[in-house]
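In what follows, every chain begins at residue 1, and chains take the letters A, B, ... in the order their sequences are listed. Heavy atoms only: backbone and side chains are in, while hydrogens, waters and symmetry mates are out. This structure is a prediction, so every number in the text was calculated from the model and none was measured.
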Number of protein chains: 2
Amino acid sequence: MVDIKFIAKMAGVSTATVSRVLNKSKPVSAELEKRVLDAVVKYKYYPNIFARVLVNKRSFMICILIEEAINQFQSLILPLVSRYLLEKGYQAIINIVSADTEEKIRTFEALEAKQIDGVIAFFYIDERTIKRIKSKTQIPFIQSEPLVHSVSYYEMNRKAAYQATQYLIDLGHRKIAGFFAESYENSFLSARYEGYIQALHKADIEINEKLCIKKNISMANSIEMVNELLDQSELPTALFCVSDELAIGAMFQLAQKGLKVPKDISIIGYDGIPMGKQIDPKLTTIEQPFAFWIKLMIKELLGTIEGDETVNISQTDIVKYSPRLFIGGTCDKPREV
Amino acid sequence: MVDIKFIAKMAGVSTATVSRVLNKSKPVSAELEKRVLDAVVKYKYYPNIFARVLVNKRSFMICILIEEAINQFQSLILPLVSRYLLEKGYQAIINIVSADTEEKIRTFEALEAKQIDGVIAFFYIDERTIKRIKSKTQIPFIQSEPLVHSVSYYEMNRKAAYQATQYLIDLGHRKIAGFFAESYENSFLSARYEGYIQALHKADIEINEKLCIKKNISMANSIEMVNELLDQSELPTALFCVSDELAIGAMFQLAQKGLKVPKDISIIGYDGIPMGKQIDPKLTTIEQPFAFWIKLMIKELLGTIEGDETVNISQTDIVKYSPRLFIGGTCDKPREV
DNA sequence: GTGAAAGCGCTAACAG
DNA sequence: CTGTTAGCGCTTTCAC
């Protein structure tokens with residue numbers, strides 16, 4: 001076993017010196033430094049990270065917390081998160097929790113006790129629960145769902161949804177249905193609803209409650225939502241979906257019902273998941289520069305962990321990386337125009 | 001800071017006793033055991049895993065290695081793997097690697113040096129690479145793709161594919177197309193192809209090369225595959241797909257082309273991913289008891305790690321947990337029968 | 001600039 | 001059964 005003691009002996013120095021060279025924690029003479037580094041290479045020495053943690057009180061481990069299953073969005077960002085963490089010298093560990101709030105809070109406590117440096121929750125946590133977690137633990141955490149609320153993610157979502165709806169209006173649509181999420185208070189999901197409403201208002205289009213369907217946003221529900229939509233007396237010519245999964249599910253069900261996209265109905269999604277580009281026609285949607293946002297978000301987390309309060313995000317960066325419209329083949333002019 | 005010393009003091013015992021209770025490493029009187037456990041609960045004590053590692057020479061950490069992106073199958077099993085590992089006292093950590101073989105091998109070496117106990121590769125590794133990894137490292141590893149090759153996963157796949165094809169034949173189909181994977185040598189994917197071929201042979205159906213399309217099995221490719229199929233002079237009445245993703249992609253594209261499932265063509269998939277149950281009609285498919293298999297596979301890995309060579313898997317268990325046909329709504333009798 | 005030595009929190013002999 | 005104690009490999013005072 002080659003450990004720090006062995007290297008010290010071989011280099012003819014003390015263990016303290018080896019440690020100093022490896023961590024650059026204190027100046028060491030060039031002479032000794034060379035001897036240490038040579039020994040490290042010669043004997044393929046890797047410091048024992050666990051021993052290091054014991055002393056440092058920092059594990060350089062971040063836990064990704066997932067609620068039961070992994071959805072498309074999460075499987076998209078998980079590799080990005082993990083890779084970026086590694087780049088920053090942190091190891092991603094993964095834990096699964098149930099939907100139960102109490103269990104989640106207990107998990108936060110456990111992770112703190114296990115000396116995990118921080119948590120990235122892959123689910124939405126409401127304000128009340130956030131307060132409870134903060135009252136019980138000190139562990140720094142962020143949520144991936146409302147990615148960068150720190151740079152007004154709500155506002156971004158509202159604007160992009162506005163833009164998407166506006167795009168449909170510009171194509172000549174007036175009867176624009178919407179599939180939305182229920183019960184997400186002031187999250188980015190309700191921002192998308194707001195953007196949709198505002199665009200319709202701006203264009204003097206009356207809001208038709210029957211065309212606004214709110215449900216949980218799983219692909220399964222989009223089938224029901226389409227059926228509900230088709231039961232209306234007045235069929236829409238376009239459909240705005242609050243997520244790509246919803247949009248793709250809707251396309252699927254519409255095809256089953258014999259309706260063509262975009263000939264019979266135009267569809268626009270939100271997210272830019274890979275599957276949207278794998279279907280035919282490609283899904284027109286709002287794309288989000290996830291990779292960039294994730295970096296921003298993690299930078300914020302690591303800033304808190306490392307006691308660096310000054311994570312500075314420039315306004316130009318934010319604008320540069322705003323969501324943008326991807327024009328696929330699922331939107332066209334309405335039939336009768 | 002609540003540590004083992006603190007708990008020992010509060011319970012009025014020695015640290016050794018606390019350790020023995022927590023690890024069940026030696027018998028402790030009921031009286032003391034109770035006092036220890038009470039203190040543990042009362043003060044929310046969690047043993048410091050890093051200190052434990054230092055002594056045990058075991059990190060109780062298993063790395064899940066993912067190749068760049070996460071597909072549906074992987075996102076399905078990832079929570080199962082993680083949860084089961086935790087149940088067994090291991091923590092899952094996650095690393096992303098590129099498709100490059102050399103980088104993968106280096107990652108295995110690095111993980112060993114970091115004292116990670118084992119690796120679960122979420123990708124297919126060919127024989128040659130396996131040999132190279134084993135020559136350079138000692139780290140135990142398994143692959144999730146051919147889940148339980150230890151219990152003849154190949155055979156299971158062949159049988160199940162046979163059963164699926166037989167089901168179509170029993171419904172009266174004779175022109176049965178197949179979407180398969182290319183270049184997977186002797187993996188479970190080729191076993192599915194073999195099962196399909198054997199079922200056709202058994203029923204004296206001539207193999208039509210033009211109806212057997214082999215491509216990489218992403219959803220994107222199923223669109224091309226459907227187009228290729230529709231270009232044939234002779235249309236099939238049924239389609240066996242080597243994966244659910246392929247099957248769903250095909251359903252989608254067929255709907256776009258105006259073909260109804262199962263009226264115009266029957267479709268059967270393989271895997272049993274959740275999305276298959278979210279679409280309408282539900283996808284008829286071969287379901288696999290993943291959770292059970294994952295346990296088997298991990299048991300094998302942990303067996304190697306813990307030096308337990310005798311991981312015994314009973315034959316009844318294997319039969320009990322064989323893949324089984326799930327009958328959704330995507331298969332019917334052929335039109336003209 | 002360098003080394004000796006005291007822990008970090010835990011487990012496992014070794015005594016009793 | 002139970003307690004005392006010596007490390008696991010590393011970092012970091014504290015002297016020199």
Considering just the side-chain nitrogens and oxygens of [X], establish if one lies under 4.0 Å of OP1 or OP2 belonging to [N].
X	N	result
B:Asn23	C:dC10	no
B:Lys26	C:dT11	no
B:Thr17	D:dT2	no
A:Ser29	C:dT2	yes

Rounded distance in Å - [atom1] ([X]) to [atom2] ([N]):
X	N	atom1	atom2	result
B:Lys9	D:dT2	NZ	C1'	19 Å
B:Leu32	D:dC1	CG	P	11 Å
A:Asp3	D:dG9	CG	P	5 Å
A:Lys114	C:dC10	NZ	C1'	16 Å
A:Asn56	C:dG7	CG	C1'	13 Å
B:Ile49	C:dC8	CD1	C1'	15 Å
A:Gln115	C:dG9	CD	P	8 Å
A:Phe50	D:dC10	CZ	P	12 Å

> Mapping B:Leu22 and A:Ala16 onto DNA chain C by nearest heavy atom, which one lands closer to the 5' end?
Replying inline: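 Its nearest nucleotide being more 5', the pick is A:Ala16.
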
>> Regarding A:Val18, tell me which of base, sugar-phosphate or nothing describes its non-hydrogen contacts under 4.0 Å with the strands shown.
In response: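 No contact at all - A:Val18 keeps every heavy atom at 4.0 Å or more from the nucleic acid.
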
> Heavy atoms under 4.0 Å, any strand shown: does A:Tyr45 hit a base, just sugar-phosphate, or nothing?
Replying inline: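 Contact class for A:Tyr45: sugar-phosphate only.
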
> If you pin A:Tyr46 and B:Gly12 to their nearest nucleotides in DNA chain D, which one's is more 5'?
Replying inline: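 Counting from the 5' end, the first nearest nucleotide belongs to B:Gly12.
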
Identify which nucleotide among [options] has an atom closest to any side-chain atom of [X], counting heavy atoms from C-beta outward.
X	options	value
B:Arg20	D:dT11, D:dT2, C:dC10	D:dT2
A:Val55	C:dG3, D:dT4, D:dC10	D:dC10
A:Ile4	C:dT11, C:dG3, D:dC10	D:dC10
A:Pro27	C:dG9, C:dG1, D:dC10	C:dG1

> Can any side-chain N or O of B:Asn95 pair as donor or acceptor with the backbone N or O of B:Leu65 at less than 3.5 Å?
Replying inline: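 No.
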
> If only atom types and distance count, is the side chain of A:Gln143 paired as donor or acceptor with the main-chain N or O of A:Ile125 below 3.5 Å?
Replying inline: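 It does hold such a pair.
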
> Angle class for the A:Phe6/A:Tyr43 ring planes (parallel below 30°, perpendicular above 60°, tilted otherwise)?
Replying inline: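 If you compare the ring of A:Phe6 with that of A:Tyr43, the planes turn out perpendicular.
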
>> Between the side chains of B:Lys104 and B:Glu67, is the shortest nitrogen-to-carboxylate-oxygen separation below 4.0 Å, so that they form an ion pair?
In response: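 Answer for the salt bridge query: yes.
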
> Hey, what do you get for CD (A:Glu300) to CD1 (A:Ile298), rounding to the nearest 0.5 Å?
Replying inline: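 Between atom CD of A:Glu300 and atom CD1 of A:Ile298 there are 11.0 Å.
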
